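Here the structure is laid out as structure tokens; the discussion comes afterwards.
When reading the values below, keep in mind they use all heavy atoms of this one structure, side chains included, and skip hydrogens, waters and symmetry mates. The shown structure was predicted, so the numbers you read here are calculated from the model rather than taken from an experiment.
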Amino acid sequence: MKNTSLPKELEAAREQIEAHAHQYGLDFFPIIYEVLDYRTLYETASMGGFPIRYPHWRFGMEYDQLMKGHVWMGSTIYEMVINTNPSYSYLLEGNETVTQKMVMAHVTAHVDFFKHNMWFAHTNRKMLDEMANHASRIQLLIDRYGYEVVEDFIDTCLSLENLIDYHSPYIKRPDTRTDQPIIDDDTPPMVEGLKVERDYMRHYINPPEFLEAERRKVDEERQRYRRFPENPQRDILLFLLNYAPLERWQHTVLEIIRDEAYYFAPQGMTKILNEGWACLVAGSLVYTNCGLLPIETVIAHSPEIQVSDGTALQHVYDHANFTERETVYLRTRRGFCLEGSTTHRVLRPDGSWRRLDALQPGDQLQLAAGPDLWAQNYVTLAGEATSESVLADPLLVHEHMDEPLCTLATVQPGAATGPSIVPTFPPTSRPLVLDETAGAFLGCIVSNGYINDITHTIALIASDKEQVDQFAVLVHTLFGLPVTRRFDANCWRASVMSPEAVAWLLALGLKSMTTHDQQLPDSLLRSPKSVVMAFLQALYDGAGTVEPTGVTLTTPSEVVGQIVQLLLLNVGILSTRREQANGYWHIALTSHSVSRFAAEIGFRLARPQRALQHWLATHPWPQPEDWQDDIVELTCRRAAVYDISVTETHRYAAQGFINHNSYWHSEIMTRKMVQDSEIISFADLHSGVVATGSGRLNPYKLGIELLRHIEERWDKGRFGKAYDECDDLYEK
């Protein structure tokens with residue numbers, strides 16, 4: 001018998017390809033490859049990829065069609081894979097090595113799709129054995145009833161094989177049972193008649209004519225039930241199995257055809273669009289050289305952004321986004337959160353990667369940040385300070401100015417004046433640059449400030465007069481306005497009325513008359529380290545305290561707490577974020593992180609500064625904490641997800657974790673397996689795979705174009721009720 005196993009060089013390539021595929025996050029059944037000559041391959045293909053099927057003339061017809069296409073039209077089957085466990089894949093003998101590599105890389109993605117796609121969840125993974133069993137049963141029927149009789153009935157069944165309920169494995173419908181044909185039930189109906197207490201009266205109460213009439217009624221009811229199911233049915237083959245007047249052997253044949261139809265159905269349903277990879281949900285914050293940015297912003301400006309892999313900067317060379325994917329949300333003991341697609345992988349302390357859907361509560365993850373990675377230039381805010389002017393969003397400024405996102409401003413950090421110097425500004429002026437003074441002012445507002453856009457008032461309530469005085473200096477520095485200060489109810493209150501200042505804060509992204517859902521300005525997260533540290537110092541001056549356990553920040557906003565925790569992590573400060581009984585959030589620092597806090601941020605106010613120095617003197621912590629964290633919550637969700645592909649290390653720091661980027665199957669070839677001498681052949685081969693021609697549909701090309709079309713419609717807003725109802729062609 002001819003040896004069909006892989007030769008040495010292909011076996012080595014298979015091991016490398018599958019190792020790379022596992023690193024990329026693919027999870028597939030074991031794959032058994034066989035190398036077949038073209039005749040054997042076409043024989044197998046004509047029978048749906050299975051080497052053994054029941055005998056029927058249509059398999060010979062399909063084989064003849066494939067062979068003529070190969071001989072006269074030059075068509076070639078490059079790969080064939082079966083949805084089983086283990087999966088079987090067939091390679092064509094005589095193909096170039098680069099072709100065989102591409103096929104094996106492609107097959108790993110196919111098998112990963114078979115294993116995890118919902119449509120394949122209910123398929124029989126032992127179908128290879130089942131097909132052999134079907135062939136044996138049909139052959140027994142042929143031996144008993146004759147080939148022509150059985151083949152003629154198979155022809156009838158095959159003409160109806162697509163009349164099944166494609167969604168029945170996932171939606172439980174009534175009347176989905178398979179009964180033996182009623183016509184073969186020879187047991188006569190039992191009719192007892194009316195109840196009789198005395199035997200001698202039985203003949204008079206239940207005469208033979210009455211019993212016969214009752215028996216006819218029962219027969220009619222059985223016939224009615226046999227012909228009319230209780231509910232309408234989508235599965236015509238099931239209807240025939242339950243109600244058609246079939247002999248037992250016919251029932252067996254129809255049941256075999258139906259089983260195989262349901263096995264092949266998902267392959268037809270997913271032929272065109274059968275892949276798509278993604279990672280994190282929208283809003284996930286990534287450490288970049290332009291600041292702490294949402295992943296969708298990284299994708300929008302990817303050519304000019306570099307991301308941190310936890311130790312160094314890397315370029316983003318590819319990206320993708322998809323809507324409505326299954327996701328896993330996780331939360332750790334310290335309060336770090338991450339949500340991504342089920343196949344997204346994160347780094348563990350032992351250096352291994354683990355998919356989100358494979359994690360368990362109690363598993364440990366590696367924490368990471370920039371580290372100490374910040375934007376280099378101030379964010380310009382643009383516009384003259386008038387009540388009618390609108391604060392320019394830096395990203396919109398980028399689009400109009402045609403300048404890189406990271407260099408919107410021309411002012412370097414440290415050039416701006418600090419809050420201790422009070423220059424003279426017109427009463428209507430507003431800051432044009434988000435510098436250290438503006439950052440400290442934002443920290444005061446977020447800590448215990450108040451914005452009222454109805455009365456055009458900005459207020460600060462504090463127990464420390466020094467903080468109120470510093471707030472007044474900041475307001476005068478930024479807006480040139482005087483601040484009213486008074487002592488009321490055991491606390492100090494400072495306020496200023498200014499429509500321009502209120503509009504400036506609201507345009508930045510702060511919210512009016514709210515605390516629990518307060519946000520931090522995106523422009524602050526895109527600012528240099530000195531600005532962010534000034535913000536955090538003012539924030540801790542107003543909402544931070546020194547306690548016996550360390551330093552604690554209290555905030556009513558969950559979002560503010562999450563972002564502050566990530567900002568602290570970027571300067572090497574580990575914190576624990578927990579919700580309190582009163583609905584407020586505590587961000588607690590202890591041990592070595594308090595020392596880092598004192599070195600990087602600290603307090604400006606004298607009273608908490610003295611308390612911090614006393615704590616450090618009485619609590620020496622020379623060793624830093626362990627940057628590992630335990631998972632305490634895992635929740636399944638659905639959301640839009642985004643993916644970026646990163647050079648060299650193929651990982652990036654986001655949300656406090658090290659994340660592995662995703663790949664498409666072509667990545668295995670272009671970045672790992674193709675040698676220099678094979679690149680031209682691979683490019684030529686790949687272009688042929690997606691090529692189109694008259695008279696045929698190319699599922700590879702159509703799948704790519706469908707995804708591109710969906711992406712374009714989504715990016716341009718060409719969907720939804722407003723788009724469908726738009727009658728203006730130009731606007732649409």
| Does any non-hydrogen side-chain atom of E436 lie less than 4.5 Å from one of M533? | no
Between S557 and the options Q518, Q562, K511, the side-chain contact (heavy atoms from CB on, under 4.5 Å) test singles out Q518
Here the gap from L313 atom CG to Y652 atom OH, rounded to the nearest 0.5 Å, amounts to 16.0 Å
Applying side-chain contact (heavy atoms from CB on, under 4.5 Å) to L365 and R354, what does each step give before you reach the verdict?
CA-CA 9 Å; L365 298 179; R354 182 66 61 85; 5.8 Å; no
Nearest heavy-atom approach of Q565 to G335 is OE1-O, 3.6 Å
Close side-chain approach of L574 and R596, heavy atoms under 4.5 Å: no
The reported gap from CD in Q360 to CG in D357 (rounded to nearest 0.5 angstrom) is 10.0 Å
Exercise. Hey, does the side chain of T288 reach the backbone of I305 with a donor-acceptor pair shorter than 3.5 angstrom?
Worked result: no
| request: For residues V328 and L359, determine if any side-chain heavy atom of one lies less than 4.5 Å from a side-chain heavy atom of the other. | output: no
Any donor-acceptor N/O pair, N659 side chain to F657 backbone, under 3.5 Å
yes
task = Report yes if the side chains of L285 and P294 come closer than 4.5 Å at any heavy-atom pair, otherwise no.
result = yes
### Message
Quick one: does any side-chain atom of D629 pair with a main-chain N or O of R334 as donor and acceptor, under 3.5 Å?
### Response
yes
Do I458 and V475 come close enough that some side-chain heavy atom pair is under 4.5 Å?
-> no
Margin query: Less than 4.0 angstrom from a charged side-chain N to a carboxylate O is my criterion; do D541 and R604 meet it?
Written below: no
Rounded to the nearest 0.5 angstrom, the CG-CG distance for L381 and L432 is 7.0 Å
### Task
Assign the ring pair F597 / Y540 to parallel, tilted or perpendicular, where the plane angle (0 to 90°) is split at 30° and 60°.
tilted
Closest heavy-atom pair, G602 versus L612, reported as atoms and distance to 0.1 Å, is CA-CD2, 4.3 Å
To the nearest 0.5 Å, atom CD1 of I587 lies from atom CZ of R578 at 11.5 Å
As a quick check of understanding, evaluate side-chain contact (heavy atoms from CB on, under 4.5 Å) for T590 and H619, giving each step before the final call. CA-CA 10 Å; T590 187; H619 296 79; over 6 Å; no
**Prompt:** Sub-3.5 Å donor-acceptor pair from the side chain of Q376 to the main-chain atoms of W374, do we have one?
**Reply:** yes
- Message: Test side-chain contact (heavy atoms from CB on, under 4.5 Å) on V468 and F487; report intermediate values, then the result.
- Response: CA-CA 10 Å; V468 171; F487 188 75; over 6 Å; no
Nearest heavy-atom approach of S527 to V379 is OG-CG2, 4.1 Å
Heavy-atom closest pair (I658 atom, G310 atom, distance to 0.1 Å) is CD1-CA, 3.8 Å
Compare all side-chain heavy atoms of N448 with those of L460 and state whether any distance is below 4.5 angstrom.
yes
Rounded to the nearest 0.5 angstrom, the CG-CD1 distance for L539 and I445 is 11.5 Å
| task | State, with a plain yes or no, whether a side-chain heavy atom of V560 is found less than 4.5 Å away from one of W585. | result | no
Is there a donor-acceptor contact under 3.5 Å from the side chain of D630 to the main chain of R333?
no
Between A639 and E339, the two heavy atoms sitting closest are CB-OE2, 4.0 Å
- Message: Just so I know, are the side chains of L524 and V531 near enough to count as touching, which here means a heavy-atom distance under 4.5 Å?
- Response: yes
For T327 and V281, the nearest pair of non-hydrogen atoms, with its separation, is CG2-CG1, 4.2 Å
Verdict with supporting geometry, Q580 and T554, side-chain contact (heavy atoms from CB on, under 4.5 Å): CA-CA 10 Å; Q580 306 303 303; T554 302; over 6 Å; no
Given the options L566, T297, I563, L525 meets side-chain contact (heavy atoms from CB on, under 4.5 Å) only with I563
Given the options T555, T552, T576, L553, H586 meets side-chain contact (heavy atoms from CB on, under 4.5 Å) only with T552
Output for pair (T635 OG1, R331 CZ), nearest 0.5 Å, gives 8.5 Å
Under 3.5 Å, side chain of W615 to main-chain N/O of E547, donor-acceptor pair present? yes
field: S447 (side chain) donor-acceptor with A543 (main chain) under 3.5 angstrom
entry: no
Regarding S284 and Q655, is there a side-chain donor-to-acceptor distance under 3.5 Å anywhere? no
Item to check | Whether W504 and F441 hold their rings parallel, tilted or perpendicular, with breakpoints at 30° and 60° | outcome: tilted
